[in-house]
Every structure is written in structure tokens, then in C-alpha cells.
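These numbers were taken from a predicted model, which means no experiment stands behind them. Along the sequence shown, residues carry numbers from 1.
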Amino acid sequence: MPVQHKYKPHHLVLAIALAVGCAEFSLAQQPGLQVDADAKPTKTRKRTAKPVAPTGHVLEEAAASVSALSVEGTTTLSNASLNVIGLPGNDTQSTAHTVLNTGTVEGESGQVTNNLAFMTPKASYSDTQVAPTRNDVPLETAATSASGPALARSVDTSKTMTANAAINALLASNKATAAIAIEQLTASSNANLVNATLSSVSPVSASMLSAMHQLDNGTGAISNKAPRVATGSENSSRVWLQALGHGGKVENDFDNTLKHSTQGLVLGADWRLDQQWHAGVMGGKSQTQLDARQFDGDLDSWHLGAYAVRQDGPLALRLGATYASHEGSSKRRVAFNGFSDRLKGSYDANTQQAFAEAGFNLGSNNVTIEPFASVGYQRYQREKHTEKGGDAALKVHGQTQDNFSSTFGLRAAKLNTLDNGMRLTPRFSAGWIHIYGELDSETRQQLVKGGKRFDVAGAAFDRDSLSLDAGLDLGLSANHTLGVGVTGEIGTDSRNHGVMGQWRMAF
């Protein structure tokens with residue numbers, strides 16, 4: 001018969017006390033751990049890792065590898081993203097990293113790219129935006145024009161940022177934009193103004209020379225051998241009016257061709273001094289439009305001149321000089337890599353030209369064949385001026401350019417008398433022009449806000465060029481003549497062409 005036990009309440013209390021005592025004894029046997037029975041429990045504080053930007057680590061232009069970068073804290077981070085500090089308007093790319101071990105980041109950055117030309121971005125595990133640093137690449141290495149390196153050297157700096165927003169935008173440019181930025185800041189069109197201006201005033205001297213060619217003093221052997229392409233009698237005087245239409249272009253590097261187009265009127269008068277000499281004066285007004293990439297200009301010109309002709313039989317001597325005063329204005333736009341500026345300039349300039357020509361008529365009856373030779377002088381002078389605008393504005397220093405030239409050629413004309421009594425005279429001439437002395441033209445400039453002086457090279461004058469002239473004169477009566485002609489001058493770096501209409505009245 002089984003034995004039955006009866007449990008009392010005090011038996012249960014004794015069993016619990018024995019169990020607690022055994023547990024305390026077991027914990028006391030473990031080394032390094034002590035438990036204070038009277039201590040109050042405290043809440044556990046969780047530590048958060050603080051990502052810190054790695055110092056001294058710089059990304060290369062191609063994919064870069066990032067390994068064992070120290071990260072503070074003991075909490076394991078997963079998929080910590082790499083923050084590439086770049087610049088606005090330029091491409092950067094990165095991927096995530098995984099923290100494999102506590103306190104370090106391991107892995108590759110995964111096609112982190114940098115297309116900046118002069119700055120180096122940094123890799124950072126911090127949200128703090130640290131500006132990229134200036135690398136060792138000189139600004140002039142991005143220049144593609146002849147004048148670009150001079151501008152680049154004048155503004156190059158070891159500092160990350162400057163006081164000039166245009167230079168800052170250049171420093172922050174990528175390789176594709178840097179060449180465009182340098183060319184726009186250089187403003188090489190200013191150096192081409194001398195070539196374009198002298199080309200625009202050449203039709204004035206040509207119109208004066210054309211009027212002298214058509215003089216006929218009616219004396220000596222030439223009266224029987226040369227066509228009477230001018231109106232008037234032996235003792236006549238003349239008034240003539242000529243309309244000008246002229247255009248051309250000056251070619252420069254970096255596809256920066258400067259085009260010019262001129263319209264104007266020239267009024268002249270001449271009279272006989274004696275049996276051999278004629279003398280005359282002229283005045284004129286012209287307007288020239290200038291156009292290049294991101295450049296527009298106007299040239300308002302006034303002209304004065306004087307000339308004289310001596311005719312001794314078949315030999316003719318022609319002398320002439322002109323002076324022109326110019327008021328110029330220009331507009332430029334500079335825009336690259338988020339920077340934009342509109343600039344305006346105004347300046348005063350003047351030109352002088354002088355020539356002496358000798359010709360000998362070999363023709364007979366109504367045909368003229370005249371070989372000729374001439375020497376000439378031309379001079380251009382522009383005053384200094386300062387553009388109005390923002391940080392890309394330039395201070396343009398004064399410029400002076402002068403040259404001597406010679407021309408050798410042949411002209412021919414044939415007088416035809418129509419049934420109604422009018423006279424039709426076709427004419428043609430060709431000449432070889434050679435310029436002596438220095439051909440290069442340079443303008444000294446500097447940024448108004450920061451930067452040093454630098455020289456900008458314009459398109460050089462052509463050492464040799466070919467000039468052509470073809471026209472047709474119609475004698476309406478003994479006192480009135482109309483004429484029209486086309487001209488052209490072809491050189492290595494410049495092309496000029498023009499159309500001239502002339503009316504002459506004798507009295």
C-alpha cells in the first residue's frame with residue numbers, strides 16, 4: 001500500500017529559499033563578475049557610429065578603390081553610401097559600400113568618375129560638403145587657340161576659389177567646356193578689329209583712285225590713244241558721287257571668323273590746275289557691321305581725302321591720301337558652366353592711308369592697256385577702353401598698326417560708241433599686293449576684376465594677295481556718266497569683295 005505524504009505550506013517556502021541560495025553560489029564561482037544584490041538595474045545605452053570623412057584620400061579620374069577606411073563607433077553599418085563631393089554641372093557617380101568588420105569599410109567604390117579639368121573631388125562618408133581642391137593641371141593645357149594660353153596664364157591660381165565668378169566657373173569646368181570658356185574670356189575678336197577696319201576703309205581710297213583713272217585732260221598724244229571714260233572738256237571740272245557696298249571676312253583660329261559689311265557714300269569734286277595737273281577733294285560717310293561668334297560690333301566712320309593727277313602724254317602720276325575717324329561699339333556674350341555675362345564696349349579709332357601710282361598707257365585709239373605700279377601706306381590707331389558688364393569684362397589697351405605696301409598690275413578698258421550716241425566702256429584690272437614689315441597684330445587686355453595683362457593675337461595680314469576689279473561705265477551724255485564695278489581681294493587669311501556704283505557730272 002503506497003505511502004502518502006502530506007505537504008505543509010512551510011515546506012514550499014523552504015524549497016524556494018534553497019533554490020535561490022544555490023543560484024547565488026553558482027554565479028559567485030565565475031571569475032570577473034560580481035553582482036551587488038543592492039544595485040539597481042540601469043538601462044542599456046546604444047552607441048551610434050559616426051561616419052567620418054577619410055582624410056588624404058583623393059579620387060582619380062577613372063574608377064578608384066577604397067579600402068580599410070576607419071569608421072568611428074562599434075555598431076556595425078550596412079550599405080554605407082559613398083558621398084562624392086563634386087561641383088555643379090559636372091558628372092560624378094558612386095555606389096554603396098558594406099561594412100564587413102567593425103570599425104572598417106572594405107570594398108571598391110564602383111566606377112566613381114571625375115570629369116573636372118582643374119579640380120579634384122573627394123570621397124567622404126560625411127554629409128559635410130568639402131570643396132574640391134585645385135589639382136596640378138595648368139589652365140593653359142586646355143587652350144586650343146593661339147591666344148588662349150596667354151589668358152589662361154594670366155588668371156591661373158593655386159587657390160580653389162577667387163573673387164572673380166568667371167574664373168571660378170573656368171576652374172570648375174570639365175575638359176570639354178574649358179576650351180570654350182578660355183576662348184570666350186580671351187575675346188580674340190578685339191585683335192581682329194584692326195584688319196576688319198582697314199578693309200572697310202579701303203573702298204574709299206579705291207573710289208578716289210577710280211575717279212582719277214577716268215580723268216582725261218585732252219592734251220598730248222593720250223587724247224588720241226585713250227578712251228574718254230570721263231566726261232567733260234579740256235577746261236572742265238567734275239562732281240562725282242559713289243555708293244559703296246563692301247564685305248569680307250577675317251579668318252582666325254578656333255573657328256572665330258570675323259565678318260564685316262560696309263555701306264556708304266562718297267562725294268568728290270576735282271578741277272583742272274593747268275595743262276598737266278588735276279586736283280580734287282572728297283568726303284564720305286560709311287557704316288560697318290561686325291559679326292563673329294558671340295560678338296557683334298558697329299563702326300560709324302567719317303572720311304576726308306585729297307588727290308591730284310598729273311598727265312604727261314601716256315604717262316600718268318596719281319597721288320592720294322585719306323583720313324577716317326571711327327566710333328566703334330561692341331557687344332559680347334560669355335556663357336559657360338552656369339556662368340553668363342553680357343558685355344558692352346565703345347571706343348574711338350582713326351585710320352590714315354596714302355598712295356602714289358604711276359601708269360603708262362600702251363593702248364591706241366579706243367583701247368587702253370596700262371601697266372601700273374604703286375606704293376602705299378596705311379595706319380590704324382585705337383584708343384583704350386573698358387567694357388561694361390560683369391566679372392568677364394575686359395580692359396582693352398590701345399593699339400597701333402601700320403604697314404607699307406606695293407602693288408603691280410595691269411588695267412584695260414575699251415570705249416564703245418552706241419548708235420544713240422551713248423558710250424559704253426567695260427574695264428578690268430588685276431594687281432599683286434605685297435605688304436612689308438610686321439604682319440601680326442596684337443591687342444593687350446586684362447580682366448577688370450582680377451587677372452594680369454595678356455596679349456591677344458589677331459589674324460595676321462596677308463603678305464601677298466591678289467586684287468581684281470571689273471566694271472562698266474555708261475556715258476549718258478557729255479556731262480553725265482554712270483558706272484558700276486565689282487572688286488575683290490583674295491589672301492591667305494582674309495577675303496574682301498565689294499560693289500561700287502558711281503555717278504559723275506561735269507560742268
Side-chain angles (χ1 to χ4, degrees), residues 198-216 226-232 238-248 260-270 280 282-288 303 305 307 309 316 318 320 322 353 355 357 359 361 363 366-372 374 376 407-416 418 422-433 465-477 480-491 494-506:
L198 288 173
S199 296
S200 70
V201 299
S202 61
V204 177
S205 296
S207 64
M208 185 167 60
L209 190 58
S210 175
M212 287 189 282
H213 291 158
Q214 294 155 359
L215 279 173
D216 179 13
R228 296 179 58 85
V229 295
T231 58
R238 295 187 313 166
V239 173
W240 53 271
L241 178 68
Q242 186 154 329
L244 306 177
H246 184 75
H260 55 89
S261 176
T262 302
Q263 298 80 38
L265 286 173
V266 179
L267 177 65
D270 52 55
M282 52 79 62
K285 176 73 170 62
S286 66
Q287 187 75 27
T288 302
H303 308 270
Y307 59 93
V309 180
R318 306 174 182 103
T322 64
Q353 297 186 96
F355 62 87
E357 179 185 275
N361 183 19
N366 292 328
V367 176
T368 296
I369 300 176
E370 183 187 64
F372 66 91
S374 68
T407 304
F408 298 91
L410 180 71
R411 66 175 55 95
K414 185 177 187 303
L415 176 63
N416 300 282
L418 305 180
M422 294 184 181
R423 293 163 298 168
L424 186 65
T425 307
R427 49 187 169 80
F428 175 81
S429 69
W432 167 56
I433 303 174
S465 58
L466 174 66
S467 66
L468 301 172
D469 184 1
L472 191 66
D473 291 330
L474 178 63
L476 301 176
S477 66
H480 297 275
T481 301
L482 296 177
V484 63
V486 294
T487 62
E489 185 174 328
I490 304 172
S494 62
R495 305 286 189 277
N496 298 298
H497 57 274
V499 177
M500 294 187 293
Q502 192 176 66
W503 166 77
R504 299 186 299 275
M505 180 184 70

Enquirer: Between OG of Ser200 and NE2 of His260, what distance do you get to the nearest 0.5 Å?
Expert: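 Those atoms lie 7.5 Å apart.
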
Enquirer: Mind checking side chain to side chain contact (heavy atoms under 4.5 Å, CB included) for Ser202 and listing every partner two or more places apart, or none if nothing turns up?
Expert: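 Partners of Ser202 by the side chain to side chain contact (heavy atoms under 4.5 Å, CB included) criterion, ordered by chain and then number, come out as His246.
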
Enquirer: Would you say the side chain of Val239 lies within less than 4.5 Å of the side chain of Leu267, judging by non-hydrogen atoms?
Expert: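 Yes; the side chains approach each other to less than 4.5 Å.
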
Enquirer: Which residues pass the side-chain hydrogen bond (donor to acceptor under 3.5 Å, both in side chains) test with Gln287, not counting sequence neighbours?
Expert: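 Gln287 satisfies side-chain hydrogen bond (donor to acceptor under 3.5 Å, both in side chains) with no residue once adjacent residues are dropped.
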
Enquirer: Can you name the nearest heavy-atom pair linking Gly320 to Met208, along with the distance?
Expert: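 Result for this residue pair: CA-CE, 4.1 Å.
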
Enquirer: Is the shortest side-chain heavy-atom distance between Leu244 and Thr262 below 4.5 Å?
Expert: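 When only atoms from C-beta onward are counted, Thr262 and Leu244 do not touch, as no gap falls below 4.5 Å.
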
Enquirer: For His303, what residues pass the side-chain hydrogen bond (donor to acceptor under 3.5 Å, both in side chains) criterion, not counting sequence neighbours?
Expert: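 side-chain hydrogen bond (donor to acceptor under 3.5 Å, both in side chains) list for His303, sorted by chain: Ser286.
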
Enquirer: Would you indicate whether the side-chain heavy atoms of Leu468 and Phe428 approach each other to under 4.5 Å?
Expert: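 Yes; the side chains approach each other to less than 4.5 Å.
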
Enquirer: Mind listing the closest non-hydrogen atom pair of Ser207 and Val204 along with its distance?
Expert: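 Taking Ser207 first and Val204 second, the nearest heavy atoms are OG-O, 2.7 Å.
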
Enquirer: May I ask you to test the Thr481-Trp240 pair for a side-chain heavy-atom distance under 4.5 Å?
Expert: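 A side-chain contact is absent here, since even the closest heavy-atom pair is not under 4.5 Å.
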
Enquirer: Between CG of Asp469 and OG1 of Thr487, what distance do you get to the nearest 0.5 Å?
Expert: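 If we round to the nearest 0.5 Å, Asp469:CG and Thr487:OG1 are 6.0 Å apart.
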
Enquirer: Tell me the closest heavy-atom pair linking Gly248 and Asn496, and the distance in Å.
Expert: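 In terms of heavy atoms, the two residues are closest at CA-OD1, 3.9 Å.
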
Enquirer: One pair to check against side-chain contact (heavy atoms from CB on, under 4.5 Å): Lys285 and Leu265. What are the steps and the verdict?
Expert: CA-CA 6 Å; Lys285 176 73 170 62; Leu265 286 173; 5.9 Å; no

Enquirer: Suppose we screen for salt bridge (charged side-chain N to carboxylate O under 4.0 Å, His left out). Which residues come up paired with Glu357, at least two apart in sequence or across chains?
Expert: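 Counting only residues at least two positions away or on another chain, Glu357 forms a salt bridge (charged side-chain N to carboxylate O under 4.0 Å, His left out) with Arg318, Arg411.
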
Enquirer: Looking at CG of Leu472 and OG1 of Thr425, how far apart are the two atoms once the value is rounded to the nearest 0.5 Å?
Expert: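 Atom-to-atom, Leu472:CG and Thr425:OG1 are 7.5 Å apart.
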
Enquirer: Apply side-chain contact (heavy atoms from CB on, under 4.5 Å) to Met282 and Asp270, showing your working.
Expert: CA-CA 9 Å; Met282 52 79 62; Asp270 52 55; over 6 Å; no

Enquirer: Quick one: does Asn416's side chain get under 4.5 Å of Asn366's, heavy atoms only?
Expert: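 No, their side chains stay 4.5 Å or more apart.
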
Enquirer: To the nearest 0.5 Å, what is the distance between CD1 on Ile490 and CG on Leu466?
Expert: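 Rounded to the nearest 0.5 Å, the CD1-CG separation comes out at 5.5 Å.
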
Enquirer: Closest approach of Ser477 and Arg423, non-hydrogen atoms and distance?
Expert: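 Smallest heavy-atom distance, with atoms named: O-NH2, 3.4 Å.
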
Enquirer: Would you say Phe372 and His213 make side-chain contact, with heavy atoms under 4.5 Å?
Expert: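 The answer is no, as the side chains (C-beta and beyond) never meet within the 4.5 Å cut-off.
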
Enquirer: Taking only residues two or more places apart in sequence or in another chain, which ones pass side-chain hydrogen bond (donor to acceptor under 3.5 Å, both in side chains) with Thr322?
Expert: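 For Thr322 there are no side-chain hydrogen bond (donor to acceptor under 3.5 Å, both in side chains) partners, ignoring immediate neighbours.
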
Enquirer: Sequence neighbours excluded, which residues qualify as side-chain hydrogen bond (donor to acceptor under 3.5 Å, both in side chains) partners of Ser465?
Expert: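 Counting only residues at least two positions away or on another chain, Ser465 forms a side-chain hydrogen bond (donor to acceptor under 3.5 Å, both in side chains) with Glu489.
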
